[in-house]
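Structure record follows, encoded as structure tokens.
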Amino acid sequence: MGARSSPGAEETIHAPVAYPGRGAGGCEALVVRNRPRTAAALLLSLLTAPVLLTGCGGGDTDEQSSSAPSTESSAPAAESTAAGATDAPDFPANAEPDTADASSDASVTVRDIRVARQDGFDRVVFEVGGTGTPGWDVRYVDTASSQGSGEEVDVAGDAVLQVSLTGAGYPYDTGVEEFSSSGPVSAADAVVVTEVVFDATFEGTTTAFVGTTRQAPFRVYLLQDPARVVVEVAHPS
């Protein structure tokens, strides 16, 4: 490990020393020091040298970094980033009906409805489960009427946007629990959408009514994983 003369004389000590941050090994090969030493001091330095050597050998392990597990975005978070995505068409210049066909194998059940304010529009999301992809017929109507019974449905707002999702199946067919709520769905900070009232599923169509402050332009599109129909109503310009 080192060479020494008689106690008290000049001594040359060679010992490895660790320097953090220098390459993968993190060690300098040798350090040479010349100063008077007693026999006891020299013995102490020789005993501590293996400790320094051990520190050099563990450089790779010490430099590994750890990070906290990432948190996956929930559906609403994913939806909030979709505003500028290619999935979303441009807002039309009018408030004409918007329709699309369901896939041939569609049998879906609405399991959740969400409302959120976004930059320039209010978003209503109809999340579905089952097989295939739903179609839709979304349009403003003079009166909200329940499917089957024809009874009028009370919807807050100055206009009513009827959302009819096609390719719908009953829960006992799809195995998906259908959305249920004790009252309308709304968002406190929404600008145009006042509330969403879920009606019913009847003969392959699920209907809900979106109350709005006016007949504003809207757009409809489909997102996947999970499948959901997105209805966005534009804020006043």
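Values below: every heavy atom of this structure, side chains too, minus hydrogens, waters and symmetry copies.
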Discussion item. Are there over 12 heavy-atom neighbours, none belonging to D154, within less than 6.0 Å of that residue's CG?
Written reply: no
Worksheet item: For the hydrophobic clusters of this structure (ILVMFWY residues joined by side-chain heavy atoms under 4.5 Å, transitively), does one cluster hold both V220 and F209?
Response: no
Discussion item. Restricting to non-hydrogen atoms, name the atom on A106 and the atom on T133 that form the minimum distance, rounded to 0.1 Å.
Written reply: CB-O, 3.4 Å
Worksheet item: Do the side chain of E195 and the main chain of A156 share a donor and acceptor less than 3.5 angstrom apart?
Response: yes
Practice prompt. Name all pairs fulfilling the ring-ring contact (aromatic ring centres under 6.0 Å, His included) condition that reach into residues 123-158, sequence neighbours left out, sorted by first residue then second.
Written response: Y140-F218
Item to complete: State yes or no: do V196 and V231 share one hydrophobic cluster built from I, L, V, M, F, W and Y residues joined by side-chain heavy-atom distances below 4.5 Å, directly or via other members?
Response: yes
Practice prompt. Report yes or no: does D122 contribute a side-chain atom to a donor-acceptor pair with the main-chain N or O of V191 at less than 3.5 Å?
Written response: yes
Worksheet item: Got a sec: does the CD of Q224 have more than 12 other heavy atoms crowding it under 6.0 Å?
Response: yes
Practice prompt. Would you indicate whether the side-chain heavy atoms of V192 and H235 approach each other to under 4.5 Å?
Written response: yes
Worksheet item: Considering residues at least two apart in sequence or located in another chain, which fulfil the salt bridge (Lys or Arg N to Asp or Glu O under 4.0 Å) criterion with D98?
Response: none
Fill in: Neighbour count >12 (heavy atoms, 6.0 Å) for atom CG, N94
yes
Worksheet entry | Joint hydrophobic cluster, V124 plus V185, side-chain heavy atoms closer than 4.5 Å | yes
Practice prompt. Provide the closest heavy-atom pair for A216 versus A95 in the form atom of the first, atom of the second, distance.
Written response: O-CB, 3.8 Å
Worksheet item: Of all heavy-atom pairs between V176 and G129, which one has the smallest distance, and what is that distance?
Response: CG2-C, 3.5 Å
Item to complete: Locate the shortest heavy-atom distance separating T131 from V108; write the atom from each residue and the value.
Response: O-CG1, 3.3 Å
Discussion item. Distance check, rounded to the nearest 0.5 Å: E177 atom CD versus D112 atom CG?
Written reply: 11.0 Å
Practice prompt. For D173, enumerate each residue passing the salt bridge (Lys or Arg N to Asp or Glu O under 4.0 Å) test, keeping only those at least two apart in sequence or located in another chain.
Written response: none
Worksheet item: Taking R228 for the side chain and V125 for the main chain, is one N or O donor matched with an acceptor at less than 3.5 Å?
Response: no
Worksheet item: Are V163 and I113 connected, step by step, through hydrophobic side chains (Ile, Leu, Val, Met, Phe, Trp, Tyr) whose heavy atoms are closer than 4.5 Å?
Response: yes
Worksheet item: Can you tell me if CG on D189 sees more than 12 non-hydrogen neighbours from other groups inside 6.0 Å?
Response: yes
Discussion item. Show the nearest heavy-atom pair for residues A190 and R117, with the distance to one decimal.
Written reply: CA-CB, 4.2 Å
Item to complete: Only pairs at least two apart or in different chains count here, so list each ring-ring contact (aromatic ring centres under 6.0 Å, His included) that has a residue in residues 165-206.
Response: Y170-Y172, F179-F198
Worksheet item: Same hydrophobic cluster for L161 and V197, using side-chain heavy-atom links shorter than 4.5 Å among ILVMFWY?
Response: no
Discussion item. I'd like to check the side chain to side chain contact (heavy atoms under 4.5 Å, CB included) partners of T205; sequence neighbours left out, ordered by chain and number.
Written reply: Q147, S164, T166, T207
Worksheet item: Minimum heavy-atom separation for A168 to T206, with atom names?
Response: CB-OG1, 3.3 Å
Worksheet item: Tell me, do V160 and T143 make a side-chain contact under 4.5 Å, heavy atoms counted?
Response: no
Worksheet item: Does S146 reach the side chain of D199, with side-chain heavy atoms less than 4.5 Å apart?
Response: yes
Response to the item:
Those residues at least two apart in sequence (or on a different chain) that pass side chain to side chain donor-acceptor pair (under 3.5 Å) with R139 are D137
